[in-house]
K.L.:
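The structure's right below; bear with me while I get my questions together.
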Protein chains: 2
Amino acid sequence: MKKMSDKQGLSPDAVIDRLKAKGISATRQRVQIAELLFAKPQHLSADQVLERVNREDSTASKATIYNTLNLFARKGLVREVIVDPSKVFYDSNTSEHHHVYNLDSGVLTDIEFTSINMAELPPLPTGTTPVTVDLIIRVRESS
Amino acid sequence: MKKMSDKQGLSPDAVIDRLKAKGISATRQRVQIAELLFAKPQHLSADQVLERVNREDSTASKATIYNTLNLFARKGLVREVIVDPSKVFYDSNTSEHHHVYNLDSGVLTDIEFTSINMAELPPLPTGTTPVTVDLIIRVRESS
DNA sequence: CAGGTAATCTGGACTTATTCCAAAACCTTC
DNA sequence: GAAGGTTTTGGAATAAGTCCAGATTACCTG
């Protein structure tokens, strides 16, 4: 019988299909990174991805982690969330949603918030088309 | 008669008052940076501020530029706009508004967009209060 | 106005995330 | 199994931002 991923995510084959569907050839490193990301909706930094991928026996280099995350972001498999100049997260939840960033704890949370939709954007500068719409609400603990 | 700033902005005294109103002591360097920023609504990076301030005869060090911009941002004199991990802008327009960032040209533009207001935010995680609400629409030239 | 204390500024070293690079490893396909 | 393109790799390079300890300045009090 087929072995499923140990982290309740997609099976390796499903991950490979998802990469191929976007025209990304499924190398060992890319599949590993994708399996990690797609296991569940989550926010990971490049560092965290590097650390977790390299916990397993076969590893990936720092350069590959960056290449791959950028590739995935460009292809829309993952969403880059820029929270802090030195805190970029990769969000494996690709459905439309926005973010709450807790400045005290560093925790990033998704929020459903339909009152902004791509369809009804304000007038943009002429000759430009929207690529992403990112709403980030920064909060503090209200002690 | 009183000499006005050469860049159609606030007079030096008005700048000093604005700093003092926020409890910031008006040192030479801070006044210089504030005069530059408050001359008109604009988006400048730390680098640009450094470069422009040091164009004049009396200068400020890199460390001071960073200290001062962070101080101004904390005090609400200026708004930090994080557009790209390595592109932080300081926006001297402190009224409520949002941003359009052109990925091709690197130009950041303000937009008035009242359909999101601090008053009607979605439910935030319990025990947190909003600090900033930032909407950034990233666009490309629609060649 | 002089002296003292706290706040601020400074240059340069340091840190840290990310990118760059040229060589090695790896797939395909014939 | 050799050719040719694509990926990966380790390590060097880059660049924004922070840190630090000493020098300077601002500010208060008498």
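In what follows, chains carry the letters A, B, and so on, assigned in the order in which the sequence lines appear, proteins first and then strands, with residues in each chain numbered from 1.
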K.L.:
The helix from C:dC1-D:dG30 to C:dC30-D:dG1: angle between its terminal axes, five pairs each, to 10°?
P.N.:
30°
K.L.:
For a quick check under 3.5 Å, do B:T132 and B:D134 share a side-chain donor-acceptor pair by atom type?
P.N.:
yes
K.L.:
Does the B:N54 side chain pair with the main chain of B:A60, one donor and one acceptor, at a distance under 3.5 Å?
P.N.:
yes
K.L.:
May I ask you to decide if B:P122's main-chain N or O and A:E112's side chain share a donor-acceptor pair within less than 3.5 Å?
P.N.:
no
K.L.:
Protein within reach of the bases, or only the backbone? For nucleotides 10-21 of chain C, mark each nucleotide 5' to 3' as B, S or -, using heavy atoms under 4.0 Å.
P.N.:
BB-B---SBBB-
K.L.:
Show me the pairs that pass side-chain hydrogen bond (donor to acceptor under 3.5 Å, both in side chains) and involve residues 64-77 of chain A, at least two apart or across chains.
P.N.:
A:S61-A:T64
K.L.:
For B:D17, enumerate each residue passing the salt bridge (Lys or Arg N to Asp or Glu O under 4.0 Å) test, keeping only those at least two apart in sequence or located in another chain.
P.N.:
none
K.L.:
Quick one: does any side-chain atom of B:R28 pair with a main-chain N or O of B:T59 as donor and acceptor, under 3.5 Å?
P.N.:
yes
K.L.:
Working to the nearest 0.5 Å, report the span between NE2 of A:H98 and CD1 of A:I137.
P.N.:
9.0 Å
K.L.:
Just call it for A:S25: base, sugar-phosphate, or nothing, with non-hydrogen atoms closer than 4.0 Å on any strand.
P.N.:
sugar-phosphate
K.L.:
Kindly compute the distance separating CG (A:D91) from CG (A:L108), expressed to the nearest 0.5 Å.
P.N.:
7.0 Å
K.L.:
Is B:F89 reachable from B:V107 through a run of hydrophobic residues whose side-chain heavy atoms are each under 4.5 Å from the next?
P.N.:
no
K.L.:
If you look only at pairs with a residue in residues 123-143 of chain A, which of them pass as a ring pair (Phe, Tyr, Trp, His ring centres under 6.0 Å), with sequence neighbours excluded?
P.N.:
none
K.L.:
Shoot me the first and last contacting nucleotide of DNA chain D against chain A, ordered 5' to 3', at under 4.0 angstrom to non-hydrogen atoms.
P.N.:
D:dT7 to D:dA12
